[in-house]
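Structure, as structure tokens:
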Amino acid sequence: MARALPTLALLAWVVTIWVPVLDSASSSLHTSAAPRIVVTSYGRTPVELIDLEPEFVIIWIGLLTCVISAWIVDSLLLWAWATTVFGIVVLAFLVGLVGEPPTLMWDGQDGNGEWVGGMAVGYPAVGAAFWAVGGIALIGAGVCGLIGERLRSDGRPGGRPGGRLSGRSSHRDSHRDSLRISRWFETASSRDDQIRVRRHRSTSEHAARLLPLVSVAAWVAMIWVPIMASRTSGEGSVILTSLGRHPIRIGDLGPDVLLPWAAVLICAAIVWIMDPPTWWSVVVILIGVGLFVMLQMILIDPPTAYFSSEDSEGEPFGATIIGRPAAGASYWILGSGALVLAGILGCIRDRRMLRPDRLAQPH
């Protein structure tokens with residue numbers, strides 16, 4: 001999986017050559033008279049090879065390096081750390097694009113000769129979801145590589161490939177095994193002195209249990225950190241949090257607010273209440289992807305408010321105030337990405353738990 005996930009990220013980047021990451025036409029406020037701003041994985045379009053933006057070229061080079069080197073190197077330890085950091089950088093770059101989108105001031109005349117104008121803004125489009133999937137795939141590949149190297153090192157004599165088991169390492173390993181056995185078994189303080197078995201949890205399983213708590217923390221933070229916010233304050237401002245439009249009213253909480261909260265809380269609670277079935281990890285991945293899609297829909301159709309007033313001469317005027325992506329959007333990406341990563345680690349855990357059963361079957 002560590003070698004396959006970067007290929008998935010590469011496919012996502014290839015798709016975004018034609019599917020825009022940012023597109024001013026994706027907003028419902030775009031008019032036919034306004035110019036169109038399109039950003040793909042190559043940068044602003046139309047683009048010439050001589051005008052390629054360096055940051056997009058660096059991302060392409062880094063992605064191709066991750067994909068090719070995954071099949072060349074023997075040890076994935078350094079590769080896994082580098083791929084994880086690169087995936088985080090890719091997601092951070094996407095957050096920067098969404099938070100500070102390209103803009104263009106324009107003016108002109110309509111068919112009646114009236115002067116029209118405004119500001120075109122590159123809003124997130126479908127390609128932004130592919131970009132996010134590619135970044136999460138890189139992070140997941142790095143995590144899987146680290147787990148795979150940990151399992152390989154545990155299976156080597158003395159922790160080194162081809163090494164001999166010395167007396168000191170043998171004593172250390174036996175002491176470690178005794179500690180591990182003592183953690184697996186504990187005596188219950190009951191009348192019949194029964195022995196209760198406690199299953200040893202691996203690092204990936206602990207991470208799969210803790211990552212949904214990161215999602216809960218992100219959703220709690222978004223109560224005060226806006227997901228979308230207008231550049232103006234006071235009357236007519238637009239603020240969207242994880243509890244809906246500000247000011248928050250309990251009676252206005254709809255499915256678009258309650259469903260994400262319920263999904264995040266259930267994913268965080270289920271792994272601590274019971275041992276989830278094998279299909280639960282896939283459900284967690286789908287929930288994380290669904291939250292990404294929901295954020296995408298919010299960014300494509302941002303919240304708006306119409307403001308009207310009068311100037312000093314008593315002439316009425318008005319404007320449409322648009323909510324722009326704020327810091328809370330990065331918390332949303334962090335929370336949904338944590339669920340996707342938790343689901344991936346859960347699938348790895350389930351695969352390891354099923355392996356002894358397959359070996360025990362008679363041939």
Side-chain angles (χ1 to χ4, degrees), residues 1-2 5 76-77 80-81 83-92 95 132-133 135-151 153-154 176 179-180 183-184 186 197-225 242 259-292 294-295 327-355:
M1 186 175 291
L5 286 175
L76 296 179
L77 183 59
W81 281 111
T83 303
T84 303
V85 173
F86 181 66
I88 295 174
V89 171
V90 165
L91 289 180
V95 172
V133 169
I136 294 175
L138 290 174
I139 297 175
V143 173
C144 292
L146 292 174
I147 295 174
E149 284 299 308
R150 175 66 180 273
L151 295 177
S153 62
D154 289 344
R176 182 182 62 185
L179 291 178
R180 182 175 296 178
R183 290 198 301 266
W184 282 2
E186 61 179 3
V197 178
R198 184 174 63 184
R199 183 167 57 86
H200 175 70
R201 299 186 184 276
S202 62
T203 304
S204 61
E205 189 169 358
H206 281 298
R209 289 159 59 89
L210 293 175
L211 281 172
L213 298 180
V214 176
S215 300
V216 175
W219 249 253
V220 172
M222 287 187 294
I223 297 176
W224 298 277
V225 181
S242 60
L259 288 179
W261 271 102
V264 169
L265 292 175
I266 291 174
C267 290
I270 197 71
V271 294
W272 295 94
I273 297 176
M274 56 178 290
D275 286 332
T278 55
W279 49 263
W280 176 248
S281 299
V282 179
V283 173
V284 174
I285 294 176
L286 294 178
I287 291 176
V289 174
L291 291 175
F292 268 118
M294 186 174 180
L295 177 62
S330 60
Y331 284 92
W332 188 299
I333 295 175
L334 174 64
S336 53
L339 289 181
V340 174
L341 187 56
I344 294 175
L345 294 177
C347 291
I348 297 175
R349 174 204 62 192
D350 298 336
R351 184 178 179 182
R352 291 183 58 194
M353 292 176 62
L354 292 175
R355 187 175 302 170

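For reference, positions follow the sequence shown, starting with 1.
Note: Cys267 SG to Leu211 CG = 11.5 Å, rounded to the nearest 0.5 Å. Here CH2 of Trp280 is found 6.5 Å from CD1 of Ile266. Values are rounded to the nearest 0.5 Å. The distance from the SG atom of Cys144 to the CG atom of Leu76 is 10.5 Å, given to the nearest 0.5 Å.
Scanning both residues, Val225 and Gly328, for their nearest heavy atoms gives CG1-N, 3.5 Å. Between Gly140 and Leu341, the shortest heavy-atom distance links the atoms CA-CD1, 3.9 Å. Across Ile287 and Ala263, no two heavy atoms sit closer than the pair CG2-CB, 3.7 Å. Between Ala208 and Pro212, the shortest heavy-atom distance links the atoms O-CD, 3.1 Å. When all heavy atoms of Leu295 and Ala329 are compared, the closest pair comes out as CD2-O, 4.0 Å. When all heavy atoms are compared, the tightest approach of Ser215 to Ala338 is OG-CB, 3.6 Å.
Counting heavy atoms from C-beta on, the side chains of Leu339 and Leu291 come closer than 4.5 Å. Contact check for Trp219 versus Leu265: no side-chain heavy atoms found under the 4.5 Å cut-off. No side-chain heavy atom of Leu5 sits under 4.5 Å from any side-chain heavy atom of Leu138.
Residue Tyr331 places its OH atom among 12 or fewer non-hydrogen atoms of other residues, nucleotides or ligands, all under 6.0 Å distant.
Looking at Trp332, its side chain never comes within 3.5 Å of a backbone N or O of Ser242 through a donor-acceptor pair. Under the 3.5 Å distance criterion, the side-chain polar atoms of Thr83 are left unmatched by any main-chain donor or acceptor of Ala80.
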CA sep, side-chain torsions, deciding dist, call: Ile139, Ile88, side chain to side chain contact (heavy atoms under 4.5 Å, CB included) | CA-CA 7 Å; Ile139 297 175; Ile88 295 174; 3.9 Å; yes
